[in-house]
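These notes concern the structure reproduced below.
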There are 2 protein chains.
Amino acid sequence: MSGIRAQQKEKTRRQLIDAALGQLSSEKSFSSLSLREVAKEAGLAPTSFYRHFTDMDELGLTLVDEAGLTLRQLMRQARQRIEKGGSVIQISVITFMEFIENNGNIFRLLLRERSGTSPAFRAAVNREIRYFTMELCDYLQQVNKLDAEVAYLQANAAVTIVFSAGSDALDIEAKDYEQLANRTIQQLRFIAKGATEFNGRTELLKIKTKV
Amino acid sequence: MSGIRAQQKEKTRRQLIDAALGQLSSEKSFSSLSLREVAKEAGLAPTSFYRHFTDMDELGLTLVDEAGLTLRQLMRQARQRIEKGGSVIQISVITFMEFIENNGNIFRLLLRERSGTSPAFRAAVNREIRYFTMELCDYLQQVNKLDAEVAYLQANAAVTIVFSAGSDALDIEAKDYEQLANRTIQQLRFIAKGATEFNGRTELLKIKTKV
DNA sequence: AAAAATAGTGTACACGCGTACGCTGAATTC
DNA sequence: GAATTCAGCGTACGCGTGTACACTATTTTT
């Protein structure tokens, strides 16, 4: 019952996942990664790959899931820091920037596959981001007493700004991180301020667009 | 001096550019496009490609330039509409959404190459977006009398939000366009409101981050 | 103890790729 | 009119790709 065989299989599967993650870089995207490259890096014959995944897409979706998991762990860390005192916006941005520093390639994967050519990938990444947004939305409703609609708009805008800043962070030097973080924090404050001002005046949210 | 030869060459060059643009779709990115595919679509032998571009990268950068040009034309249109009366934010968003509808593949190119694997591509796309942001920034300073720093933060955030909405627009049905546009408009209003409130209080922009 | 299942291997194939090279015929220059 | 330039073509090469297939060694099931 121990399953010495299943155990070994799981280990090899991990090697494939880690091999793929390890090959990602600013110059190498997942979609430009070949089955043979991954198998080789994992110390496997190319054909053995099929014992674990039907194709590279399946491996890729696994990576996206892992990335989402990492992101959610990150958010838990951020919440812990907030409980110890500090501005929500500031702590969140700093935590996110640290994530980029430590997991640049995972974040690159999300960014790239979000606008990539595989519908399945796009859907998977958008789902992870939706989780991210929804948890922030709940928080804003409860802590800041915002209407559902306003909270959603703020959460959505905030996540967009933070992801964009993360994307920028990938291409700049460490010394410029703080400036980027400060700008991002200020932009989030603009949004928060605007959301608070509009809250309760939902009639303003209905806009007539020319048809 | 007429240059019947140069004329023909220019025409063929255009065919290559159009062939590349025509092959882009939600399932096909520029980076997954081969020299041979493009040449074939343009009705050329693969080796003839080299008479016009040294490699696919050079063609790609040309496409990015064209996309930037199209975007700037779009902004001119938007300004014309505003002069005839109407909210800046509303007109801008509607104009941008129309751009997405008519030039989905060009916009996809920008989105994808911005986070792609070629440093040259990333730089080119970011340059185009910077133009876009700077023109908005100037506008905000002049028309809304904002400080340089606040105007930049607002312009940067607004462009980020609009591009993100454009990205979302690519994946939804036409009937949901209006809802997306309305949300985007409201988010831009949050940002504008926040920027106005913080304007002139620049001491608040300096934030101490933990080192 | 025998039989079945299966993770991993090695060989082999057709395919599309970028591109080097030499040629051709028309436009351009002299 | 002769010489030169050059856009476009066809052939050919080596390379990396995904994956079909048959095989082996070991674990698991019977």
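Throughout, a chain's letter reflects where its sequence line sits, starting with A, and its residues are numbered from 1.
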Atom-to-atom span, CZ of A/Arg14 to P of C/dA7 - whole angstrom: 18 Å
Nucleotide nearest A/Gln8 when distance is taken to its side chain, options D/dG18, C/dG8, C/dG10: C/dG8
Test item: A/Asp171 and B/Arg122 side chains (from C-beta on) under 4.5 Å apart, heavy atoms: yes
Closest listed nucleotide, where the reference is the side chain of B/Ile4 and the choices are D/dT11, C/dT28, C/dT9: C/dT28
For atom OH of A/Tyr50 and atom P of C/dA7, their distance in whole Å: 16 Å
Given D/dT17, C/dT19, C/dA7, the nucleotide with the shortest approach to the side chain of B/Leu35: C/dT19
Distance-only donor-acceptor test, A/Arg5 side-chain atoms vs D/dT28 base atoms, 3.5 Å: no
Closest to the A/Ser48 side chain, choosing from D/dT11, C/dG8, D/dG18: C/dG8
Over all atoms of both residues, closest heavy-atom pair of A/Ala195 and A/Gln154: CB-OE1, 3.3 Å
B/Asp57 CG to C/dG18 P, straight-line distance once rounded to whole Å: 12 Å
Below 4.0 Å: OP1/OP2 of D/dG8 and any side-chain N or O of B/Thr12: yes
Rounded interatomic separation in angstrom, taking CD from A/Gln15 and C1' from C/dA7: 13 Å
Touch class at under 4.0 angstrom, heavy-atom based, for B/Glu10 against every strand present: nothing
Proximal nucleotide (of D/dG10, C/dA7, D/dT17) relative to the B/Thr47 side chain: D/dG10
Rounded distance (Å) that lies between atom P of C/dT9 and atom CZ of A/Phe49: 14 Å
Pairing of B/Arg81 and B/Glu98 as salt bridge, 4.0 angstrom limit: yes
Closest-nucleotide 5' rank along DNA chain C - winner of B/Asp55 and A/Ala45: A/Ala45
Whole-Å distance separating the CD atom of A/Glu41 from the P atom of D/dG16: 16 Å
Minimum-distance nucleotide (side-chain atoms of B/Leu44 versus D/dC9, D/dT19, D/dT27): D/dC9
Value in whole Å for how far the P atom of C/dA7 lies from CG of A/Leu16: 13 Å
A/Arg13 bridged to A/Glu58 by N-O distance under 4.0 Å: no
Base C/dT6 to side chain A/Arg51, donor-acceptor N/O within 3.5 Å cut-off: no
B/Leu16 versus B/Ala42, closest heavy-atom pair with distance: CD2-CB, 3.8 Å
Nearest-angstrom distance from the residue atom CZ of A/Arg13 to P of C/dG8: 13 Å
Minimum-distance nucleotide (side-chain atoms of B/Arg36 versus D/dC9, C/dC17, C/dG8): C/dC17
